[in-house]
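Just so you know, ligand 1 is whichever comes first in the structure, and atom 1 is the first atom listed for that ligand.
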Amino acid sequence: MGAAMSAQKTVFVKTYGCQMNVYDSERISELLAPAGYSAANSPEDADLIVLNTCHIREKAAEKVYSELGRLRELKALRREAGKDTMVAVAGCVAQAEGAEMRRRAPVVDLVVGPQAYHEFADLIAKARDGRDDVVATEFPARDKFQTLPARRGRQGVAAFLTVQEGCDKFCTFCVVPYTRGAEYSRPVAHLVAEAEALVEGGAREIVLLGQNVNAYHGEGPDGQPWTLARLMGRLAEIPDLARLRYTTSHPHDMHDDLVAAHRHNAKLMPFLHLPVQSGSDRILAAMNRKHTADHYLALVARIRDARPDIALSTDLIVGFPGETDQDFEATVRLVEAVGFAQTYSFKYSPRPGTPAASMASQVPDDVKSERLARLQKLLHDQQTAFNRSCVGRTLPVLFEREGRHPGQLVGRSPYLQAVHAEAPASWVGHTVDVEIVGQGPNSLAGKVLSGGSVTGP
Ligand code: 5AD
Ligand code: SF4
């Protein structure tokens, strides 16, 4: 069967969507390595193409189907050249569409949901045998994590680690509880082992991931459920780990010990992504968010009390069904009251099968666009103001990689801003005090202080 059967095969993984998909794509690549697959530079060179898809907003499925149209042509071209190509769809669109995907796009050889990708190697073998049962969308997250091989090899300076997956919150706009399934927290011992392997491979910052990460309640070595704060306390003991972050949190699960971790855990960075979605209590209730605008503001006050310099980030949706001008004004007021360092804002997009999709009084698209434009102007001004407030300060920057210009490195401030500075390449992986001398729309310019005091691991 040509190239697909030869010992050396190549895989190209295209990732859409969130950081958890980035993590999943890394794991898929690692998983396929023992099966003989090395990374291809482009889909044209790949014996196996994996689309790791996202379903959270807007015509995601349509985008995947049009990509599959292009891959159909690519597959035909490669076949003319005597090469086989296998196409796999993974991630949340795979979960939502299931077998329908192969009916609508016969170019697809396998469909693998987010909880089933540990089955990849078996599924490839089945697909190669021409078997029909190549749609895998029904496993619990527990099985996946127990089966995935241990991490090894070289890692980036900043690495992702999924600690929790799935969500039981059922916000009425959100597809995640249906595509990622019920909430599952990985045991502490597994996470410590994986974090140690990441650090061993060169990681100095670990970003703990979960759809509802602060609901983490994995089993500790004592057999008891541990909170996220306790887990981070344990991970902070890894000597060469310099920094910890976590995302994404739900305000309802922001308990006292996690707030306190921002005061006590020296490795926990002062940046928090805490989606609020809306500033209107009526809309928050219709969204099933379990918090009001005042709860959120009070929580922000508690967090700032624990860590006064914390930079806050949020997600906002405009044009949720029934949102009036007054509701939208309440969102604007909340944003003004908090002052965010970074934000993601979206027009509401009906997701099939979610309660909000069938609610009456859907908001017309032009109204959504108008509100979004107004909100994004405000959010842009807040982000610029925050970045400007950093100019003139000295911040510890963890250098991650070489920049585009020779002699330049790119790293991150504690507040997650990208910082560019002239520094020797050997400082990648080190934390260095940098004076912030300028600011662009999405990054800061820095100057390493004379002598370059390299701190930390
Ligand atoms: N429409 C618009 N935005 C959405 N999000 C999730 N579902 C939808 C939807 N149906 C946004 C939320 C969430 C972020 C990851 O995506 O703001 O926090
Ligand atoms: Fe979706 Fe987040 Fe709500 Fe869970 S908490 S349903 S992932 S928006």
Side-chain angles (χ1 to χ4, degrees), residues 16-23 53-63 91-93 95-96 114-115 141 162-185 209-217 228 246-254 272-280 283-291 295-296 299 312-323 327-328 331 334-335 338 340 342-359 362-365 367-369 371-372 375-376 379:
Y16 301 78
C18 65
Q19 293 160 329
M20 193 174 286
N21 267 9
V22 175
Y23 174 89
T53 60
C54 168
H55 204 229
I56 195 109
R57 285 178 297 272
E58 314 203 64
K59 310 179 186 80
E62 293 316 308
K63 279 187 214 156
C92 292
V93 174
Q95 186 67 32
Q115 307 313 349
T162 294
V163 302
Q164 177 278 340
E165 199 172 341
C167 184
D168 295 342
K169 289 286 184 296
F170 290 93
C171 300
T172 54
F173 53 81
C174 185
V175 79
V176 163
Y178 310 95
T179 56
R180 290 274 169 172
E183 198 186 295
Y184 169 69
S185 295
L209 299 180
Q211 267 89 28
N212 185 182
V213 74
N214 58 343
Y216 177 83
H217 58 278
L228 184 67
Y246 61 95
T247 198
T248 293
S249 295
H250 191 293
H252 191 70
D253 295 318
M254 208 67 215
L272 178 62
H273 182 61
L274 194 61
V276 65
Q277 312 297 1
S278 168
S280 154
I283 296 297
L284 287 167
M287 287 176 163
N288 189 30
R289 285 291 293 177
K290 309 175 202 297
H291 61 83
H295 286 146
Y296 188 87
L299 177 56
L312 293 169
S313 154
T314 202
D315 288 341
L316 293 155
I317 295 177
V318 300
F320 184 84
E323 187 188 70
D327 293 318
F328 175 66
T331 299
L334 180 134
V335 169
V338 176
F340 290 102
Q342 200 185 309
T343 34
Y344 302 88
S345 50
F346 314 101
K347 289 196 252 185
Y348 169 71
S349 137
R351 303 285 77 210
T354 58
S358 51
M359 284 179 186
Q362 298 285 329
V363 175
D365 192 59
V367 176
K368 288 184 196 168
S369 300
R371 288 180 188 164
L372 187 66
L375 192 60
Q376 288 190 335
L379 297 169

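Between Arg57 and ligand 1, a contact under 3.5 Å exists for at least one N or O pair. For ligand 1, the polar-atom distance check finds an N/O of Gln277 within less than 3.5 Å of one of the ligand's N/O atoms.
Among Phe173, Tyr348, Tyr344, Phe346, the residue whose heavy atom lies nearest to atom 8 (C) of ligand 1 is Phe173.
Using bins of under 30°, 30° to 60° and over 60° for the plane-to-plane angle, the ring pair Phe346/Tyr344 lands in the parallel bin.
Nearest protein neighbour of atom 4 (Fe) of ligand 2, counting heavy atoms only, is Cys167 SG, 2.3 Å. Of the protein's non-hydrogen atoms, the one nearest atom 1 (N) of ligand 1 is Ser349 N, 3.0 Å. The protein heavy atom nearest to atom 1 (Fe) of ligand 2 is Cys174 SG, 2.3 Å. Of all protein heavy atoms, the one lying nearest to atom 18 (O) of ligand 1 is Asp315 OD2, 2.6 Å. Closest protein heavy atom to atom 2 (Fe) of ligand 2: Gln211 O, 4.3 Å. Looking from atom 6 (C) of ligand 1 to the surrounding protein, the closest heavy atom is Ile56 CG1, 3.4 Å.
Gln362 approaches Ala356 most closely through the heavy-atom pair NE2-O, 3.0 Å. Taking every heavy atom of both residues into account, Pro321 and Ile283 meet most closely at O-CD1, 4.1 Å. A pairwise comparison of heavy atoms in Thr179 and Pro114 identifies O-CG, 3.7 Å as the closest pair.
The contact set between ligand 1 and Lys347, taken as ligand atoms under 4.0 Å from a residue heavy atom, comprises 1 (N), 2 (C). Shown in contact with Val176 at under 4.0 Å from a heavy atom are these atoms of ligand 2, numbered in order with element: 7 (S). In summary, the atoms of ligand 2 found under 4.0 Å from a heavy atom of Phe170, numbered by their order in the structure, are 6 (S). Listed by number with element, the atoms of ligand 2 under 4.0 Å from a non-hydrogen atom of His250 are 5 (S). Applying the 4.0 Å criterion to heavy atoms of Cys171 picks out, from ligand 2, the atoms 3 (Fe), 5 (S), 6 (S), 8 (S).
Counting heavy atoms under 4.0 Å from ligand 1, residue Ile317 touches it through the side chain alone. Only the side chain of Pro177 comes within 4.0 Å of ligand 2, counting heavy atoms alone; its backbone N, CA, C and O stay farther away. With a 4.0 Å heavy-atom cut-off, ligand 2 is reached by the side chain of Phe173 but not by its N, CA, C or O.
Two residues are said to be in side-chain contact when any heavy atoms from C-beta on lie closer than 4.5 Å; Cys54 and Asn21 meet this criterion. Side-chain contact check for Phe328 versus Phe320: every heavy-atom pair is 4.5 Å or farther apart. You'll find the side chain of Lys169 stays beyond 4.5 Å of the side chain of Pro177, heavy atoms only.
For the residue pair Glu165 and Gln115, a side-chain donor N or O sits within less than 3.5 Å of a side-chain acceptor on the partner.
Looking only at distances, no side-chain donor or acceptor of Thr343 sits under 3.5 Å from a matching main-chain atom of Leu379. Judged by distance alone, the side chain of Ser185 and the main-chain N or O of His217 form a donor-acceptor pair under 3.5 Å. Side chain of Asn214 to main chain of Leu228: no donor-acceptor pair is present (N/O by atom type, distance under 3.5 Å, no hydrogens or angles).
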